[in-house]
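Step one of this worksheet: look at the structure below.
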Amino acid sequence: MKLIIAVVRPEKLNEVLEALFKAEVRGLTITRVRGHGGGTERVETYRGTTVKMGLYDKVKLEIAVSDPFVEPTIGAILSSARTGEVGDGKIFVVPLERVIRIRTGEENEAAVTPVPPGGA
Amino acid sequence: MKLIIAVVRPEKLNEVLEALFKAEVRGLTITRVRGHGGGTERVETYRGTTVKMGLYDKVKLEIAVSDPFVEPTIGAILSSARTGEVGDGKIFVVPLERVIRIRTGEENEAAVTPVPPGGA
Amino acid sequence: MKLIIAVVRPEKLNEVLEALFKAEVRGLTITRVRGHGGGTERVETYRGTTVKMGLYDKVKLEIAVSDPFVEPTIGAILSSARTGEVGDGKIFVVPLERVIRIRTGEENEAAVTPVPPGGA
Amino acid sequence: MKKLVWSTMPLVLGLALAGGNIDAGSTAWMLVSTALVLLMTPALAFFYGGLVGQKNVLNTMMMSFIALGFVGVAWALLGYSLAYDNGGAFLGGLGYVGLAGFLREGQMLVSDGLPSILDVAFQGTFAIITVALISGSLAGRMRFSAWLLLSVLWVLFVYAPLAHWVWGGGFLKGALDFAGGTVVHINAAVAGLVAALVLGPRKAFGRVAFLPHNVPFVLLGAGLLWFGWFGFNAGSAYQADASAGLAFVNTFLAPAATMVVWTLLDLGREGKATAVGAATAVVVGLVAITPAAGFVGPTGALWIGALAAFPSYFFILARPRLGLDDSLDVVGSHGLAGTLGAILTGVFASQDWGGVTGGLEGNWAQVAVQFKAVAVAVFYSALGTFVLLKLIGLLMPLRTADREEAIGLDAALHGEEAYPSMEGAILVLDSEGGAA
Amino acid sequence: MKKLVWSTMPLVLGLALAGGNIDAGSTAWMLVSTALVLLMTPALAFFYGGLVGQKNVLNTMMMSFIALGFVGVAWALLGYSLAYDNGGAFLGGLGYVGLAGFLREGQMLVSDGLPSILDVAFQGTFAIITVALISGSLAGRMRFSAWLLLSVLWVLFVYAPLAHWVWGGGFLKGALDFAGGTVVHINAAVAGLVAALVLGPRKAFGRVAFLPHNVPFVLLGAGLLWFGWFGFNAGSAYQADASAGLAFVNTFLAPAATMVVWTLLDLGREGKATAVGAATAVVVGLVAITPAAGFVGPTGALWIGALAAFPSYFFILARPRLGLDDSLDVVGSHGLAGTLGAILTGVFASQDWGGVTGGLEGNWAQVAVQFKAVAVAVFYSALGTFVLLKLIGLLMPLRTADREEAIGLDAALHGEEAYPSMEGAILVLDSEGGAA
Amino acid sequence: MKKLVWSTMPLVLGLALAGGNIDAGSTAWMLVSTALVLLMTPALAFFYGGLVGQKNVLNTMMMSFIALGFVGVAWALLGYSLAYDNGGAFLGGLGYVGLAGFLREGQMLVSDGLPSILDVAFQGTFAIITVALISGSLAGRMRFSAWLLLSVLWVLFVYAPLAHWVWGGGFLKGALDFAGGTVVHINAAVAGLVAALVLGPRKAFGRVAFLPHNVPFVLLGAGLLWFGWFGFNAGSAYQADASAGLAFVNTFLAPAATMVVWTLLDLGREGKATAVGAATAVVVGLVAITPAAGFVGPTGALWIGALAAFPSYFFILARPRLGLDDSLDVVGSHGLAGTLGAILTGVFASQDWGGVTGGLEGNWAQVAVQFKAVAVAVFYSALGTFVLLKLIGLLMPLRTADREEAIGLDAALHGEEAYPSMEGAILVLDSEGGAA
Ligand SMILES: Nc1ncnc2c1ncn2[C@@H]1O[C@H](COP(=O)(O)OP(=O)(O)O)[C@@H](O)[C@H]1O
Ligand SMILES: Nc1ncnc2c1ncn2[C@@H]1O[C@H](COP(=O)(O)OP(=O)(O)O)[C@@H](O)[C@H]1O
Ligand SMILES: Nc1ncnc2c1ncn2[C@@H]1O[C@H](COP(=O)(O)OP(=O)(O)O)[C@@H](O)[C@H]1O
């Protein structure tokens with residue numbers, strides 16, 4: 001199992017969610033974050049105080065998936081989150097040792113997205 | 001060492017914190033998140049705009065623990081966060097290679113929850 | 001590659017960002033979190049309701065780096081985030097299997113901070 | 001002072017016609033006062049809305065706000081007449097039902113220099129805020145349609161009679177209640193208490209800490225309430241005269257004194273002057289001076305304001321520990337300060353300032369009259385509220401389902417959030433053809 | 001009723017001088033009314049600002065707020081004279097240009113008991129809010145400098161003439177428009193519609209759900225608007241008299257009735273009484289009663305308020321599906337309710353109450369007069385707005401760049417965020433020597 | 001114009017009694033004006049509270065809000081008498097101490113058609129907001145109890161004497177200060193400057209960017225301040241007359257002009273019209289017109305408003321770079337605009353409009369008189385504030401501990417957060433028996 005962490009543009013979130021839905025990925029957790037990448041800075045002025053805002057609003061998705069779902073999930077994100085301009089974000093894949101569903105106590109495969117219909 | 005990531009209902013947070021406290025787990029970090037699972041959607045209407053809200057407020061806990069603490073921590077969360085209804089959340093266990101306490105520079109076991117009294 | 005997760009004081013964030021900038025670490029994602037550690041509790045009172053606030057505001061940084069950057073990154077955080085008082089936070093290092101830049105589809109080293117000039 | 005105006009009004013009615021004897025200055029003041037009192041209801045919505053948690057903000061605000069609609073219309077069509085038409089000792093007549101009776105010989109009625117119809121609105125704003133006040137006892141657990149029904153029935157069958165007894169020439173007309181200590185504040189607090197007991201506490205009460213979600217909103221509410229209260233109290237003089245000036249100054253002094261005492265109590269207890277406390281103190285001081293506003297001198301107002309801090313301060317501190325889920329402390333603020341104010345009005349009333357002698361000037365009998373009015377109000381309000389809730393309970397459940405309470409009433413009952421996030425909100429277009 | 005005052009004013013001008021015949025009561029009321037109407041523009045900024053998403057809060061609020069500056073100055077220097085100086089059927093004179101003409105023989109002019117200069121401010125607040133209203137159709141996509149230019153030109157060349165025709169003794173003076181149903185609300189809504197069509201919808205319109213970011217701000221805006229509207233409507237009586245009293249009471253009753261009907265529609269449709277709906281209902285009811293305020297009796301006001309709920313409710317529900325990005329529903333609220341109110345003023349106008357007979361009293365001709373004024377206003381406002389936008393479009397782009405729209409106009413156009421976070425904000429000191 | 005009223009008042013006092021000669025219209029206006037000025041203090045709390053960061057919101061708001069209590073009571077009991085009782089050139093008498101002296105022969109005093117006691121409240125609201133203004137220089141670092149002590153002592157020993165000199169018949173009575181440019185704004189700004197220097201800058205000043213946490217609150221504050229300022233300026237006419245009308249119109253025009261100039265400067269400098277800038281401009285324009293309100297004609301008001309933008313705009317831009325932690329720019333807004341306004345009052349004062357000739361009408365001596373009053377105010381305010389702070393510093397530390405400053409003063413000093421989160425808040429019930 002893997003924990004897939006993706007940072008995307010907030011305005012792309014709904015499209016990403018839709019793409020994941022179509023890829024039959026169900027469970028996920030999202031967080032509002034602020035990111036710094038290669039992008040340019042924005043200047044804001046409040047009275048005499050001028051600031052450079054080096055951080056941009058982003059949304060982070062965390063998705064725990066069973067191995068067969070790793071590629072479809074990454075593919076869905078890549079296709080839906082891309083604009084081609086700096087700031088589109090990144091995907092990180094982290095090993096995941098164990099997953100437990102709190103409601104039932106079920107573990108691992110039983111607790112994450114079901115294996116694909118007719119799949120491995 | 002492991003990084004235990006748990007997503008729970010916000011209204012259960014205080015009980016979870018208490019259970020962790022009793023299990024002698026001290027350090028933890030929490031984040032407001034929004035999650036999508038198998039649950040039903042909520043409909044909201046603002047004038048002519050109707051929306052389906054597919055995301056529910058959740059709280060994410062991140063707890064770095066030494067190996068002997070993994071089971072007590074999971075046990076404490078499972079027992080305190082469960083309501084039995086859809087949306088109770090999940091626990092993810094991720095391998096953790098290194099921990100450093102910024103204040104002192106101490107590393108690993110010395111930086112996370114102490115080993116249980118009289119324990120391994 | 002590693003995913004470096006650091007929890008620091010909000011008032012130290014700007015110094016940490018500067019130190020990371022000097023260490024040529026570019027990409028990072030930050031999140032507002034609330035943490036519980038060994039620190040003391042704060043009491044607040046709203047009319048007849050008295051509460052102990054056991055959680056303190058912190059900022060979490062997530063930084064995906066290639067292996068040669070692990071030590072410089074940790075060093076930069078340690079030197080910039082420390083006050084010496086309880087609550088300075090922690091650094092966690094998690095293995096990272098894969099990184100993908102959404103904009104280009106580039107993977108791994110190409111997607112994270114470039115190897116240091118003239119470096120390994 | 002309403003009773004003075006209105007007990008003499010019937011004599012004036014037939015005679016005073018429009019165009020003739022409008023007093024422009026007093027009319028200007030009453031127009032402004034009415035607008036000020038109307039503003040108090042949105043102000044209260046902020047005071048209350050800031051004090052609740054994020055999941056119940058809109059429900060709490062709407063319980064006040066919606067009274068501007070339902071209570072306003074019920075009052076205009078029926079309540080005003082029951083309260084203020086010339087009737088018997090127990091209820092007014094039906095002469096103003098359906099807004100009839102304000103024209104005579106093709107002209108608008110004028111009484112005491114004012115366009116008579118304006119009184120429907122002025123008094124209406126009092127009725128509205130009284131209902132809105134009750135909702136503070138009920139945050140987070142009442143069905144909205146049950147609340148709508150209660151608010152309409154309550155204003156007609158509890159508020160209007162009590163207003164008639166004290167101000168409309170009814171059997172309590174000897175009691176001093178310049179602007180509504182008994183009719184408004186005690187009445188609302190008792191109704192809130194009874195309703196809180198009938199409904200029972202929120203599920204999480206006693207386990208979870210209910211914290212305000214936005215203290216600046218509480219300060220905004222308190223600031224606007226004070227501003228509006230000048231219309232409430234000084235408008236109750238029904239003229240721009242010395243009595244209005246006195247009532248105004250007292251409404252300026254009393255809450256200031258309450259705030260000073262309250263803050264010193266805060267500082268003495270744990271060294272911290274709370275903002276929620278200061279805002280509460282303003283309301284407590286305003287409630288306490290309300291019955292006294294035009295009857296006591298300015299030093300009396302300072303005393304009443306200062307004294308009012310004590311019972312409210314300590315009761316509100318203890319209330320959560322009493323197991324009573326009077327969620328936003330209507331009893332502690334409006335009930336106690338209203339009662340204390342009503343009694344102290346009898347003590348501090350001054351012949352020179354307000355035209356009636358009080359206890360300190362030797363007329364302790366007035367204090368007894370005040371007690372009697374308070375007792376009658378407490379009894380009638382408790383009984384009436386209880387009966388109405390039981391009746392409504394026969395038609396529909398009074399409380400929301402436990403699940404709705406857990407989700408939060410904004411989403412569950414109103415289909416809205418106070419601070420919606422666009423993240424993950426999926427647009428629904430029932431007819432897919434329309435939008436581009 | 002402005003027209004009454006101002007059609008007779010020229011006679012009075014030369015005679016009435018300061019010191020002599022000020023009516024203190026009416027002056028007090030007009031001072032207050034002017035302040036109240038001024039407050040409506042910040043109130044509208046909150047009503048609108050709460051309804052937009054987090055990225056466009058300040059831009060939306062500033063489109064209203066800035067009118068207090070640019071429109072205020074343009075009005076004082078030129079607009080007032082074009083609207084209200086004694087002129088022809090189509091435009092006023094230039095006697096008040098540059099604020100001249102308010103002194104006679106070393107004394108301030110007084111007309112109808114009021115200091116004449118005050119009317120510049122009173123009428124100015126109407127002009128300001130009319131411009132501000134338009135911005136609700138344009139949220140999230142207009143360049144700010146284009147908006148500044150439009151607001152100044154529009155108030156001079158669209159608003160001022162229309163005000164002259166209806167209130168300044170122009171060719172529509174037979175139409176009943178007590179406080180601005182046609183001049184303010186229909187005018188603003190038509191301008192908003194035309195501008196929304198010329199600019200086109202936001203890029204994400206129809207794909208993304210645009211949600212309010214702060215519903216309590218919407219309620220705050222609605223509450224303050226209602227409060228201010230008492231000055232708008234009852235101030236339009238220009239005296240603290242029975243007519244002002246009537247206009248006030250009607251302004252109290254109509255929105256209450258609208259809120260009741262709207263909430264019942266909400267509850268009937270999906271069982272949920274929405275807060276945004278209640279706030280919208282208040283505005284709709286206020287718009288509808290505006291032209292009628294001093295002409296109809298109080299039951300007429302209740303009818304107008306109740307009836308006004310229907311067209312607005314269903315139009316606003318359908319609007320996003322029509323592909324029309326009238327972002328904050330200016331057409332649905334101000335256009336429809338303004339039109340309905342203008343027509344119903346002709347229906348419910350009452351000889352006894354307001355001095356003019358309407359349809360129900362047999363004078364159906366008045367309804368035709370009302371229709372004509374509405375038609376003229378719609379036509380002129382549409383034409384004028386269209387021409388001005390095309391002219392401005394020759395000088396500069398009207399719309400922001402797509403990238404600015406995506407980032408949000410607060411950061412892109414104003415260099416600010418509504419709720420800035422200090423995280424990651426790096427202080428820039430251009431001269432490093434200064435700060436310690 | 002206060003001085004006119006009050007220099008003649010002593011003659012009137014013994015004669016004018018209640019019931020007799022109340023001027024209802026002017027009384028109505030003064031009642032409203034007092035309420036409007038009172039509202040300015042909560043408005044300022046929002047203006048200031050929106051401008052600070054999230055950790056110091058309540059502390060900042062409370063520094064204003066609490067003045068309604070402590071300053072209000074101190075003023076009523078002692079300050080009013082020191083300022084306005086008939087006394088010498090340097091201080092008033094003690095005739096009104098403890099609110100005595102407002103009854104004669106069993107009747108309330110009436111002066112100039114107004115209930116005399118109302119003046120305690122009207123003038124009290126000025127004293128309160130003056131103290132509240134100072135707090136803008138001190139955000140984020142002052143101990144709250146030191147602030148309470150300072151505010152009480154300052155209003156008695158700095159504000160009251162200065163008010164006496166300018167308005168109470170003291171030695172500056174020739175200076176023109178219609179509504180408080182010198183007494184209120186220069187006075188507060190100098191006190192703020194001195195206090196900021198005595199306290200020293202915040203620890204993080206110059207390193208960290210201090211950003212507003214809520215710009216809509218800043219706009220709310222500015223809107224309500226403008227609204228209230230009509231009472232401040234036009235209420236200072238003490239009558240509902242032509243002078244009040246003029247002061248009102250000028251209060252409408254000047255800030256509009258300032259906003260226009262300020263926005264054009266913003267657009268010229270970096271192409272971005274800021275909302276914080278527009279809100280600041282409103283305040284600057286209001287401050288500048290305050291001393292002139294009833295003395296200059298409307299074009300004078302436009303000039304004063306427009307000119308006032310320049311010094312404040314550039315000073316506020318430079319201030320953080322000067323190493324001066326006048327946190328919310330009281331000097332830049334109130335000090336500079338107050339001074340400019342005071343001087344320009346002498347320039348633009350007009351015989352026809354306000355009854356006094358100014359520089360442009362040939363009487364340049366008036367400008368010298370204005371300069372003198374400004375100089376005296378600056379000197380006295382600086383000295384008095386410095387001495388009081390040193391005295392208080394003997395009793396207790398003036399500044400909070402560094403750790404409290406780092407945590408934020410809301411939690412540290414008030415035991416509250418502005419926007420509490422229920423997450424991780426553990427309910428404490430000291431007596432576990434009570435709650436269910
Ligand atoms: N090395 C990294 N570690 C953590 N987050 C990163 C890293 N690099 C980028 N991000 C996140 O991805 C977002 C987009 O990255 P950015 O470099 O701006 O765009 P792009 O990948 O298109 O060049 C950043 O705002 C940040 O949140
Ligand atoms: N595969 C997943 N990856 C990340 N987060 C998940 C995943 N599945 C569930 N979650 C989180 O857990 C929450 C509860 O999950 P849900 O499926 O609704 O409940 P249940 O586990 O009771 O069926 C979700 O709202 C989401 O935040
Ligand atoms: N074991 C842990 N797992 C996750 N987060 C932790 C852990 N320990 C500490 N933290 C985070 O680090 C912050 C600082 O830790 P704390 O123990 O208060 O300070 P110190 O490390 O100086 O003793 C906490 O508020 C919490 O957010």
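So that the names make sense, note that chain A is the first sequence line, chain B the second, and so on, each numbered from 1. This structure is a prediction, so every number in the text was calculated from the model and none was measured.
Salt bridge E/Lys203/A/Glu11: absent, no basic N to carboxylate O contact under 4.0 Å.
Closest non-hydrogen pair, E/Ala411 versus A/Glu44, comes out as CB-OE2, 4.4 Å.
Open room surrounds CZ on A/Arg32; 12 or fewer heavy atoms of other groups in view lie less than 6.0 Å from it.
Distance check: E/Glu417 CD to A/Met53 CE gives 5.0 Å after rounding to the nearest 0.5 Å.
Of the two parts of A/Arg34, only the side chain, counted from C-beta on, holds a non-hydrogen atom closer than 4.5 Å to a non-hydrogen atom of chain E.
Take E/Phe65 and apply the ring-ring contact (aromatic ring centres under 6.0 Å, His included) test, not counting sequence neighbours, and it matches no residue. Scanning for side chain to side chain contact (heavy atoms under 4.5 Å, CB included) contacts around E/Val208 gives E/Ala204, with sequence neighbours left out.
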>> Please determine whether side chain to side chain contact (heavy atoms under 4.5 Å, CB included) holds for the pair A/Asp57 and E/Lys55, giving the CA-CA distance in whole Å, both sets of side-chain angles, and the decisive distance to 0.1 Å.
In response: CA-CA 11 Å; A/Asp57 287 347; E/Lys55 306 251 157 199; 3.6 Å; yes

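Partner A/Thr50 forms a side-chain contact (heavy atoms from CB on, under 4.5 Å) with one of E/Val428, E/Ile426, E/Leu427 and no other, that one being E/Val428.
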